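Inspection log for the structure reproduced underneath, given as structure tokens.
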Amino acid sequence: MELSDRKRKILNAIIRNYLETGEPVGSRTISRYTDLHLSSATIRNEMSDLEEMGYIIQPHTSAGRIPSDRGYRLYVNALVEEQTSQVAAMNSLMIYKTNRMEEILKQVVRLLASRTNYTTMISAPSYKGNKVKFIQLSRLSSKQLLDVVVIEGNIVKNHIIDLDEEINEEQVLKLNLLLNTRLNGLTLADINLGLISNIKEEAGSHVQVVNDVLDTIAEVIRAETDENMEIYTSGANNIFRYPELSDKSRASQLITTLEEKSLLADFIKDNDMEEALPGTGIKVYIGEEGPVESMKDCSVVTATYDMGDGLQGTIGIIGPKRMDYEKVMHNLKTVKESLNKYFRNQKMVSDTDGDEVLASGPGGET
């Protein structure tokens with residue numbers, strides 16, 4: 001018998017409820033758990049069919065049902081299909097949203113340098129706090145697993161796990177359910193020691209697998225953050241406007257930092273907006289507060305723009321400690337809001353010539 005949509009929803013409800021509670025699931029629970037609006041009697045009939053088909057079992061007479069291995073397998077396969085579809089959709093969204101992005105970001109950073117007479121930088125958007133989308137363990141042999149970790153943004157990492165002891169298909173299935181139930185939707189920062197301890201306790205003798213999966217997650221998120229960060233700069237020559245920055249040694253170090261750009265990534269990674277100035281979404285590093293040694297004589301003011309769907313980038317203005325903070329913060333706030341509007345609505349304000357430009361702030365400032 002082929003599974004109808006109704007049977008699939010009831011089976012999914014049984015599995016999800018059992019994963020949460022560990023208790024057999026009855027028809028009355030399912031009637032409250034789904035949006036099918038079915039009577040308990042109708043649900044009992046559907047559950048009887050699912051039991052005959054081998055997807056659920058009744059551990060004791062008059063008890064509710066729990067998933068069988070076959071039911072778990074159907075559930076996991078459906079998860080894989082769903083996650084594959086989500087990755088494809090996100091990839092299409094990225095292609096759509098990145099159209100002309102490089103040109104726009106370069107325009108923004110040039111405009112800021114011109115308006116402020118300071119050095120400016122902007123990072124292309126990336127996934128802030130990349131979340132775990134899906135984990136798939138597949139048995140290659142009795143003592144070897146293939147670990148596939150999918151991170152938000154269609155980032156995939158494959159890793160082979162060599163085991164000290166044998167593992168069977170049922171154990172792999174239970175590990176898949178445990179890891180996906182506990183880790184999906186979490187960032188690296190969300191995976192704390194308490195959570196790890198609970199997962200290891202539930203994994204029993206398979207702690208090694210949990211450790212390897214967590215290592216893979218950390219590796220792929222950190223590598224993606226470090227290697228794929230595109231940063232555009234403008235106004236490097238503005239450094240020479242300020243005597244305290246323009247002597248040969250200081251200026252050379254600053255220019256090198258701006259050219260290499262890898263050091264600027266430290267500001268991006270350090271840009272935790274929870275520490276921003278209240279009500280502004282802006283963070284100010286003064287002198288030694290910043291993470292880059294060559295900028296200890298500077299102030300750096302940053303803001304985060306948001307494309308939606310977890311995509312964020314950072315705008316920064318670099319100048320002397322005596323910079324005009326009010327003007328800098330006003331410009332950053334205006335540009336951030338303009339970028340948010342553009343990327344979220346996929347449109348820009350047109351100037352009188354029909355060219356695409358960012359919206360101007362009060363007094364013509366941008």
Side-chain angles (χ1 to χ4, degrees), residues 3 7-8 10-25 47 50-60 63-84 86-87 131-151 156-186 188 190-221:
L3 278 182
K7 283 186 172 61
R8 285 182 181 275
I10 291 173
L11 176 59
N12 283 339
I14 293 171
I15 293 174
R16 289 180 181 276
N17 194 275
Y18 183 67
L19 288 175
E20 291 174 5
T21 67
E23 298 292 335
V25 185
M47 290 171 72
L50 288 169
E51 188 174 0
E52 289 181 11
M53 297 166 74
Y55 290 110
I56 56 176
I57 57 178
Q58 189 173 28
H60 307 290
R65 269 69 163 189
I66 65 175
S68 67
D69 289 351
R70 187 180 184 188
Y72 279 132
R73 171 52 60 192
L74 186 70
Y75 178 72
V76 170
N77 288 347
L79 279 179
V80 173
E81 291 178 7
E82 180 183 351
Q83 296 300 327
T84 301
Q86 288 181 5
V87 167
K131 295 179 181 179
V132 177
K133 293 290 288 183
F134 191 67
I135 299 163
Q136 177 66 49
L137 297 174
S138 301
R139 188 169 175 268
L140 299 178
S141 69
S142 61
K143 299 184 73 173
Q144 197 172 59
L145 295 175
L146 174 63
D147 170 27
V148 180
V149 174
V150 181
I151 302 297
V156 181
K157 176 72 173 181
N158 300 320
H159 173 64
I160 293 178
I161 302 175
D162 294 310
L163 305 173
D164 296 329
E165 58 183 27
E166 294 188 356
I167 191 168
N168 59 39
E169 288 286 357
E170 182 180 355
Q171 291 168 326
V172 173
L173 180 60
K174 290 179 178 178
L175 282 171
N176 272 317
L177 289 169
L178 169 64
L179 291 168
N180 280 287
T181 301
R182 291 306 192 96
L183 297 176
N184 280 8
L186 300 185
L188 195 57
D190 295 327
I191 305 173
N192 55 44
L193 291 176
L195 176 62
I196 293 172
S197 177
N198 289 337
I199 294 174
K200 288 182 177 180
E201 183 177 349
E202 292 186 51
S205 62
H206 303 296
V207 172
Q208 177 195 349
V209 177
V210 173
N211 286 334
D212 278 37
V213 170
L214 291 172
D215 287 345
T216 302
I217 291 170
E219 179 185 345
V220 66
I221 289 178

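Everything numeric here is computed off the predicted structure, so don't read it as measured data.
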Under the side-chain contact (heavy atoms from CB on, under 4.5 Å) test, residues paired with [X] that sit two or more places apart:
X	answer
E23	T21
R73	V76, N77, E169, L173
D215	none
S68	I57, R70

ask   = How about Q136 and V150: do any of their side-chain heavy atoms sit closer than 4.5 Å?
value =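 A side-chain contact under 4.5 Å is absent here.
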
query = Looking at side-chain heavy atoms only, is the closest gap between M47 and I56 below 4.5 Å?
reply =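 Answer yes - side chains close enough.
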
message = Consider side chain to side chain contact (heavy atoms under 4.5 Å, CB included). Of L140, V172, D212, which one does L145 pass it with?
response =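 Looking at L140, V172, D212, the match for L145 under the side chain to side chain contact (heavy atoms under 4.5 Å, CB included) is V172.
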
key: Pair L175-V213, side-chain contact (heavy atoms from CB on, under 4.5 Å): steps then yes or no   = CA-CA 11 Å; L175 282 171; V213 170; over 6 Å; no

inquiry  = Applying salt bridge (charged side-chain N to carboxylate O under 4.0 Å, His left out), can you list everything that pairs with K143, at least two apart in sequence or on another chain?
reply    =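 K143: no salt bridge (charged side-chain N to carboxylate O under 4.0 Å, His left out) contacts found.
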
List for me each residue that meets side-chain hydrogen bond (donor to acceptor under 3.5 Å, both in side chains) alongside [X], sequence neighbours excluded, and say none if there are none.
X	result
Q58	none
S205	E165
N180	N184
N176	none

Enumerate donor-acceptor pairs with a distance under 3.5 Å from any side-chain N or O in residues 193-201 to protein atoms, sequence neighbours excluded.
unit_1 : atom_1 : unit_2 : atom_2 : d
N198   : ND2    : G194   : O      : 3.4
K200   : NZ     : N211   : OD1    : 2.9

message = Checking I15 against V25 for the side-chain contact (heavy atoms from CB on, under 4.5 Å) test, could you report, in this order, the C-alpha distance in whole Å, the side-chain angles of both residues, the deciding distance, and whether it holds?
response = CA-CA 9 Å; I15 293 174; V25 185; over 6 Å; no

